[in-house]
Amino acid sequence: MAGICVAGLSVFMNAANAETIRIAEHRQARIDALKVVVPDIEKKLGVTIEVIEYPAPEKDYLSKLLTELRAGNAPDLFTAPAGQDVADMVAAGYLAPITTEFRAWDGYGQLFDVSKKLVTRPDGDVYVLPAMLGVQQLYYRRDILEKAGISTEQPKTWKDLLDRAKEIKAKTGAYGLLFPAGVTWGGGAFAEGFRYLVVGSSTPQIANDDGTLNLKGDGIRDALGFYKDLIDSDLMPVQPLLGPEPWVTPKYQMFPEGKLVATTCGSWCYIYDWGPESKNPIPNVTQAVGTWTMPGKDGGEHVMVDIDSAWGVNAQGSDPDLAKKVLLELGSVKADVAYSERLGNIPGRKDATSDPEFQKLTALVPVLAAVEKGVFLNSAPGFSAVSEGVARATEALLRKETDAAGAQKILVDYVSETLGEDMVK
């Protein structure tokens, strides 16, 4: 009895003395995914994990996180929504480097090469863990095109894509193609649309080696011209994009109803936007909805790859070393698959392919196989200003207040005023 009491007291004392690591997470689906692996991490590391719920929309989440980071009271672990946010957080000193721990991690060898490249800065340092990837391309209603006698073949150029959208509008009366745009869409105007075009233009990268931003080139103007062509030809729904939550009507209502036939989107759309458990599911979604890679202006094809809500360690947290150990556990196959199942994002590691639970996510398996073919924009400090500038430039196009050259000037002027004229080339 004495031995049992001592053992019980020891367990109690260990639990009482366990250090607490606070993790910020947002959206119920993400919180549910995190809680799948919290017990395993607590047991393995002898740590207590407290999940702090943040506001759900990405813009609100990031706003609160940055406010708390500036105040010095942010949680020990948090996610940076996209690559552009990582660069700004590093510049502000909010993220602790994880370079040594990352390369010594037993999961490092299983990461896709593109995953490693996405998080490795020009100086070789690493600040975030690429547990999940956002893989984006074009999604179209295969069932509607086949019924209307419209080709489902891969478009080869921007003109080819626009011609297909015009044929859709002419033969079905539905909008032919959606690219996110406008101020209320926020960062999505850049991340879910504009960059698809930039990487296939004559300005395939915005960040220059010297830290400046290449925004005055022909490729930027051509990309904005693509938006203007869509808008002027009435190929995408404009009015919903000028209101609050502009993604709701086109992506969650019009696309499932067949009133919008093609749109930019990511792997998550098969599950979160249109899957059986979505608010407006498309029956037999993986058969009804097909994908195209994004064509370049004059040829070539690509899918966009970016880190998706990569985990980082608060440089001013209570115990950054312990937080780094927890962070690496959040890159396990089990954690990756939990997030994939609930959100439809793609694991950043190759060995997830053979996981039985991931194999059940049949819509995501071929997307994972295509990750190595992905392209990405190099990020740099100031990308948040570029994102906001793109939102403003495309807003002016939506309102038909300017042409492509004028929209480019709005972008250049905004970034120049925000970061300084010497930052823009």
Open item on the list: Quick check: closest heavy atoms across Leu364 and Ser267, and the distance to 0.1 Å?
Closed with: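 Looking at all heavy atoms of both residues, the closest pair is CD2-O, 3.6 Å.
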Open item on the list: Restricting to non-hydrogen atoms, name the atom on Ala385 and the atom on Thr418 that form the minimum distance, rounded to 0.1 Å.
Closed with: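 Scanning both residues, the minimum pair turns out to be CB-CG2, 4.0 Å.
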Okay, side chain of [X], backbone of [Y]: is any donor-acceptor separation there less than 3.5 Å?
X      : Y      : answer
Gln408 : Leu224 : no
Asn214 : Asn208 : no
Glu25  : Val51  : no
Trp185 : Phe190 : no
Arg195 : Ala191 : yes
Lys169 : Asp234 : yes
Arg142 : Gln287 : yes
Thr172 : Ala174 : yes
Ser115 : Gly348 : yes
Trp268 : Asp273 : no

Between [X] and [Y], a side-chain donor and acceptor under 3.5 Å:
X      : Y      : result
Gln28  : Asp32  : yes
Tyr196 : Gln136 : yes
Asp222 : Ser201 : no
Tyr54  : Glu68  : yes

Task: Ring geometry between Tyr61 and His26 (parallel below 30°, tilted from 30 to 60°, perpendicular above 60°) - done: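 The rings of His26 and Tyr61 lie parallel, inter-plane angle below 30°.
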- [ ] Return the orientation label for the Tyr270 and Tyr139 ring planes: parallel under 30°, perpendicular over 60°, tilted otherwise.
- [x]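 Answer is perpendicular, since the angle exceeds 60°.
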Got a second to check how far [X]'s [atom1] is from [Y]'s [atom2], nearest 0.5 Å?
X      : Y      : atom1 : atom2 : result
Thr394 : Leu230 : OG1   : CG    : 12.0 Å
Gln359 : Thr353 : CD    : OG1   : 7.0 Å
Ile21  : Leu45  : CD1   : CG    : 9.5 Å

Task: Arg399/Glu395 salt bridge by N-O under 4.0 Å criterion - done: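 Here Glu395 pairs with Arg399 in a salt bridge, since their nearest N and O are under 4.0 Å apart.
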[X] vs [Y] side-chain heavy atoms within contact, under 4.5 Å:
X      : Y      : result
Asp306 : Leu118 : yes
Arg70  : Thr67  : yes
Phe179 : Thr264 : yes

Task: CA sep, side-chain torsions, deciding dist, call: Ser202, Asp218, side-chain hydrogen bond (donor to acceptor under 3.5 Å, both in side chains) - done: CA-CA 7 Å; Ser202 59; Asp218 292 343; 5.2 Å; no
Task: Quiz item: cation-pi between Arg27 and Tyr272, 6.0 Å / 45° - done: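 Flagged: Arg27 positioned over aromatic ring of Tyr272.
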